[in-house]
*Asks:* 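Can you read through this structure? Questions will come right after.
Just so it is clear: chains get the letters A, B, ... in the order the sequence lines come, proteins before strands, and each one is counted from 1. What you see is a predicted model; the values in this text were computed from it and never measured.
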There are 2 protein chains.
Amino acid sequence: MPERRGRSPVMHDVARLAGVSHQTVSRVLNAHRGIRPETEARVRAAIAELGYRRNTSARALVTHSSRLVGVLTTVPDHPDTARALVGIERALRAAGRTLLFAGTAPEELAASAERLFGHALEGCVALVPGQEGELAAVKGPPPTVVVDAPPAHAALTVRADQRGGAYALTRHLLDLGHRTVHHVAGTAPGHAARTEGWRQALREAGAPEPEAVAGAETGTETESGTGAGSGPGTGHTAGLVLAARRAAGEEVTAVLAADDHIALGLLHAFTESGLRVPGQVSVAGFGDRPEAAHLCPALTTASADPAEVGEAAVRLLLAEPEEREGAGANPEQDRAVTALLLPVRLRVRRSTGPPPARRPR
Amino acid sequence: MPERRGRSPVMHDVARLAGVSHQTVSRVLNAHRGIRPETEARVRAAIAELGYRRNTSARALVTHSSRLVGVLTTVPDHPDTARALVGIERALRAAGRTLLFAGTAPEELAASAERLFGHALEGCVALVPGQEGELAAVKGPPPTVVVDAPPAHAALTVRADQRGGAYALTRHLLDLGHRTVHHVAGTAPGHAARTEGWRQALREAGAPEPEAVAGAETGTETESGTGAGSGPGTGHTAGLVLAARRAAGEEVTAVLAADDHIALGLLHAFTESGLRVPGQVSVAGFGDRPEAAHLCPALTTASADPAEVGEAAVRLLLAEPEEREGAGANPEQDRAVTALLLPVRLRVRRSTGPPPARRPR
DNA sequence: TTGTAGGCGTTATCAA
DNA sequence: TTGATAACGCCTACAA
């Protein structure tokens, strides 16, 4: 007998033990039809007895696919990335795939993509907020789903419904009794859609439409969750402006910030100005950063569950392109869906409440 | 010429273009010595021109190693996991390795390990807090580093210096002027060492050693960062006990909790009892959970940087076993270091301060 | 210093 | 229904 001492068993060993050829073993493993049940049983028994496992590399070599799906991100330390990873992994596991991860600085994005693509990826999920330019580096042969791709981007993408979320948040404040809702806008990708949702809600409700305050947001939404850097001045300045307007007689009872960072600045500014939240002013954020639940008061905000976003991205990635006539040249063209819009859900907490009574009833 | 139309170039193509054999190309790629510089230049030029990349699967097939390192965890949604991932990935990238990730429920740990090990891993980092039993599933041929393995566990491991951290935290409180420091103990793995560090600091300072309060911690430290579940009752009960003791005349001016969760409960209980933190009682936690910085008041705590822990784990994993006489049978036996102890650093924030003045000076 | 031959473990194609 | 044989792309001997 050939020496099979240290090495782990291979297909040939299983075949010999089952008294068949290695081909038959392969067929059993790949669920080919036309195998006599009793043959299959013998093969399975041999597999179990030997503790045999297929060699992934050999399989990938001949298959040209490794059943590996890559995740490429420029924001590995963003809390939403971690949460998305959980969803991605869950979907991948269900599909029998394994997750390859690369977190990298934007400058090294291309190099990291190379490294990832080198592993015969079956597909790739890109968590790359920021500018369109960065995404160019991710163009690869394996199909790629970009999470929250900019509107212009033509790739497969899963997006959170920013506009709908802002709409719902505004609606929530109006329903609490506020005559209108002020807004501090941001400049990060996706913030514009939030501003639109806010305006739309006001318009439909026939509420006054105050001008949005510019948040001078410097793209800090992609920063680490520990709040390092960023500093004040974000929503803080806007908060002081609004407090001043209120002192001057304007009716400012509810403010929707373009993101939780800005909302935090608002909270500070209002507290400094002696305004109680939510007693005198309600504040809502957007994005549901982890700390939002632990602020004083806990922040009402909204977000799409990052895990769900991740799951959806994988499902979109792994969905078989519809087999239409002439399919094959460009699989992405043959899909039924190339962009998914995920609902944004409200997280109502303590920072929003009814407006102060204007006069005793 | 053989048809080379759609397919990506292989080593043979490079060889033909450079006018050498594919062996020479392989030698260049693997930095073998004894290649004429001009030959190497031609090869490199051909590689660049063709945009050639080695096929990882073929390489792994013959090499029996994929330059892939696995990360296996039962707590994929723990914030420290995300932070560790960043460090792991950084170290891996520097070493030219790629990261394979599997997050899973404890029950499926063995299956996930199987799936991971199936990819010819070069090594594995296990983020598996909790019971020793779970770790048994991770026993695999590839060398594995367990992060924060239980003391008894014999594998390669990287541990945070729990004892030293608790010592430093206690020292910090004593230095602020507190006569002694109370302690709420926990039951999660690693908590016992924290209690030891606390006691040691008191003893060395000659401070009174109050009995530790049992925190009745139900292992919530492994839960998600959003605080779902866990509920009150953790440190809350202990806080009420301490507040009562204080009301009864005992000098309780500083409390070290076994973790941030317990500390949060303490904060609630003290606030309920009308005690100002840190005005009347100082509170310190342990673990630096992300929300600690955003509590009111922000929590003084301590932790080893998870990213650093991750980096250290990878370095330990990839460190070549020292080549001693008789090496080879069990590589782990031949290492200079099998357990690394990482420093725990203080994060002093607003929840600790000097004790209230006993009498006017 | 370079080239030739063989095999890594699997899947696909043919023939039986 | 099953078995032989040839790839898949690379690396490690050995030969030149």
Side-chain angles (χ1 to χ4, degrees), chain A residues 2-4 6-44 46-47 50-68 96 117-120 122 141, chain B residues 2-4 6-44 46-47 50-68 117-122 141:
Chain A
E3 72 290 45
R4 278 255 132 256
R7 305 191 296 180
S8 50
V10 299
M11 202 173 263
H12 190 76
D13 302 319
V14 175
R16 219 174 0 158
L17 181 56
V20 297
S21 82
H22 73 197
Q23 249 8 274
T24 306
V25 178
S26 176
R27 289 191 180 99
V28 168
L29 254 19
N30 292 333
H32 282 214
R33 22 167 248 174
I35 308 247
R36 196 179 309 165
E38 93 181 30
T39 308
E40 171 166 356
R42 282 215 313 282
V43 169
R44 294 219 176 273
I47 288 177
L50 262 38
Y52 165 76
R53 288 181 342 213
R54 257 187 303 201
N55 180 315
T56 323
S57 307
R59 188 170 151 80
L61 176 57
V62 65
T63 301
H64 291 288
S65 169
S66 54
R67 299 181 74 80
L68 249 29
F117 293 165
H119 289 270
E122 197 171 347
Chain B
E3 71 289 47
R4 279 252 131 259
R7 305 192 296 180
S8 49
V10 300
M11 202 174 263
H12 189 76
D13 302 320
V14 175
R16 219 175 0 158
L17 181 57
V20 298
S21 82
H22 71 146
Q23 258 359 280
T24 306
V25 178
S26 176
R27 290 193 179 97
V28 168
L29 253 20
N30 293 338
H32 282 216
R33 20 167 252 172
I35 307 245
R36 193 180 309 165
E38 95 183 29
T39 306
E40 171 167 356
R42 281 216 313 282
V43 169
R44 294 220 176 272
I47 288 177
L50 262 38
Y52 166 76
R53 286 178 344 208
R54 254 190 304 204
N55 180 316
T56 326
S57 308
R59 187 171 152 80
L61 177 58
V62 65
T63 301
H64 291 287
S65 169
S66 54
R67 298 181 75 79
L68 248 30
F117 293 164
H119 288 270
L121 293 193
E122 197 170 347

*Asks:* How would nucleotides 11-16 of chain D be written as a contact map, 5' to 3', with B for base contact, S for sugar-phosphate-only contact and - for no contact, using protein heavy atoms under 4.0 Å?
*Replies:* BB-B--
*Asks:* On DNA chain C, compare the nucleotides closest to B:Gly34 and A:Asn55; which residue's is nearer the 5' end?
*Replies:* B:Gly34
*Asks:* With sequence neighbours left out, what residues match A:Arg53 under salt bridge (Lys or Arg N to Asp or Glu O under 4.0 Å)?
*Replies:* B:Glu114
*Asks:* Between atom NE2 in B:His12 and atom C1' in C:dT4, what is the gap in whole Å?
*Replies:* 13 Å
*Asks:* Output the rounded distance in Å from CZ (A:Arg53) to C1' (C:dT10).
*Replies:* 16 Å
*Asks:* Whole angstrom is fine here: how far is it from CD1 in A:Ile35 over to P in D:dT2?
*Replies:* 6 Å
*Asks:* On a heavy-atom basis, which atom in B:Ala18 and which in B:Arg42 lie closest, and how many Å separate them?
*Replies:* O-NE, 2.9 Å
*Asks:* Under 4.0 Å between any heavy atoms, over every strand shown, what does B:Ser57 touch: base, sugar-phosphate, or nothing? Just pick one.
*Replies:*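 The answer is nothing, as B:Ser57 stays clear of every strand by at least 4.0 Å.
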*Asks:* Considering just the side-chain nitrogens and oxygens of A:Thr24, establish if one lies under 4.0 Å of OP1 or OP2 belonging to D:dT1.
*Replies:*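 For D:dT1, neither OP1 nor OP2 has a side-chain N or O of A:Thr24 closer than 4.0 Å.
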*Asks:* At their closest point, which heavy atom of B:Tyr52 faces which heavy atom of B:Val10, and how far apart are they?
*Replies:* CE1-C, 3.5 Å
*Asks:* Both B:His64 and B:Val20 contact DNA chain C. Taking the nearest nucleotide for each, which residue is further toward the 5' end?
*Replies:*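 Here B:Val20 is the residue nearer the 5' end.
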*Asks:* Considering all heavy atoms of both residues, which atom of A:Arg59 and which atom of A:Arg54 are nearest to each other, and what is their separation?
*Replies:* NH1-NH1, 2.9 Å
*Asks:* Just how far, in rounded Å, is C1' of D:dG9 from CG of B:Leu50?
*Replies:*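 My rounded result for the distance is 15 Å.
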*Asks:* Heavy atoms only: give me the nearest B:Ser57-A:Leu61 pair and the separation to one decimal.
*Replies:* CB-N, 3.8 Å
*Asks:* Please test B:Thr24 against B:Arg36 for side chain to side chain contact (heavy atoms under 4.5 Å, CB included), starting from the C-alpha separation and ending with a verdict.
*Replies:* CA-CA 10 Å; B:Thr24 306; B:Arg36 193 180 309 165; over 6 Å; no
*Asks:* Checking all strands, does A:Leu61 fall into the base, sugar-phosphate, or nothing category for heavy-atom contacts under 4.0 angstrom?
*Replies:*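 If one applies the 4.0 Å heavy-atom cut-off, A:Leu61 turns out to touch a base.
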